[in-house]
Amino acid sequence: AQSVTQLGSHVSVSEGALVLLRCNYSSSVPPYLFWYVQYPNQGLQLLLKYTSAATLVKGINGFEAEFKKSETSFHLTKPSAHMSDAAEYFCAVTGQGGNEKLTFGTGTRLTIIP
Amino acid sequence: DTGVSQDPRHKITKRGQNVTFRCDPISEHNRLYWYRQTLGQGPEFLTYFQNEAQLEKSRLLSDRFSAERPKGSFSTLEIQRTEQGDSAMYLCASSLGIGGQETQYFGPGTRLLVL
């Protein structure tokens, strides 16, 4: 069984400030982890993914995430927030051995304060 | 590569009616997934296909729901005798290859409102 927990359903940061969105996972098999972004009334777009090649993963739009097995975490960060980053962010997990469906967290809505 | 497309984008129906949604995956993608997203929640897995074979169905997929992928290309999701609880965004995704590490590319979704 796999699950993810996203701490903080709403996060607000000032433009130019650090963005930190938290994700913790639970998996009975080695996990693959994903961050997706969703803009209003749109589908999901992949930001980045961890597939065991490197623990620090860089994605699009300046986002990155670090896989920490000891903490079962995969937090998403961006050094400097931009107004266009305002959206809903979802962490998701799949796994090896046939666990190929995405299991999503409940999402974090990011608001950027001008 | 035109991306995953879904039709219709919006559907309003009355309780008890049947509805059908269509998903066209990225060409050459052998995997196709259906998810459902309700307001304020993350998407939940419904079912997936490898080529034309339906490999897994969620317990969320009651017997009123049926999905097909004839010839391993587009897919349809039908809901019979719709209920108000079926109101949600229905998302389709496709991926190339097999394995949990493959990226799933999502379509824009079909938003269903059951009155």
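Here the structure is a predicted model, which is why all the values come from computation and not from measurement. Throughout, protein chains are lettered first and strands after them, A, B, ... in sequence-line order, and every chain is numbered starting at 1.
Crowding of B:L113 atom CG: a count of heavy atoms from other residues, nucleotides or ligands under 6.0 Å exceeding 12. The environment of B:R15 atom CZ is sparse: at most 12 non-hydrogen atoms of other residues, nucleotides or ligands sit within 6.0 angstrom. The number of heavy-atom neighbours closer than 6.0 Å to CG of B:L39, taken from other residues, nucleotides and ligands shown, is 12 or below. Environment of CD in B:E78: crowded, with over 12 heavy atoms of neighbouring residues, nucleotides or ligands closer than 6.0 Å.
Under the 4.5 Å side-chain contact rule for hydrophobic residues, A:I60 and A:F74 share a cluster. Under the 4.5 Å side-chain heavy-atom criterion for grouping Ile, Leu, Val, Met, Phe, Trp and Tyr, B:Y105 is not connected to B:Y90 through any hydrophobic cluster. B:Y48 and B:F65 sit in two unconnected hydrophobic clusters of ILVMFWY residues. Membership requires side-chain heavy atoms under 4.5 Å apart, directly or through other members.
The greatest number of non-hydrogen atom pairs below 4.5 Å with chain A, out of B:G109, B:P108, B:P43, is found for B:P43. Ranked by heavy-atom pairs under 4.5 Å with chain A, the first of B:E44, B:R31, B:Q6 is B:R31.
With a 4.5 Å cut-off on non-hydrogen atoms, A:Y50 does not touch chain B at all. The contact between A:L44 and chain B is made by backbone and side chain atoms together, counting heavy-atom distances below 4.5 Å. Residue A:E88: no heavy atom, backbone or side chain, is found under 4.5 Å from chain B.
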- Evaluate the criterion side-chain hydrogen bond (donor to acceptor under 3.5 Å, both in side chains) for residue pair A:Q38 and B:Q37; output intermediate values, then yes/no. CA-CA 12 Å; A:Q38 187 176 35; B:Q37 184 179 22; 3.0 Å; yes
Criterion side-chain contact (heavy atoms from CB on, under 4.5 Å) on B:Q101 and A:T94, from CA distance to verdict: CA-CA 7 Å; B:Q101 75 277 12; A:T94 63; over 6 Å; no
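Rounding to the nearest 0.5 angstrom, the gap separating the CG atom in A:L102 from the CD atom in B:Q104 is 4.0 Å. Note that OH of B:Y33 is 10.0 Å distant from NZ of A:K101, once rounded to the nearest 0.5 Å.
For an aromatic pair to be called close, the ring centres must be under 6.0 Å apart, and B:F45 with A:F104 fails this.
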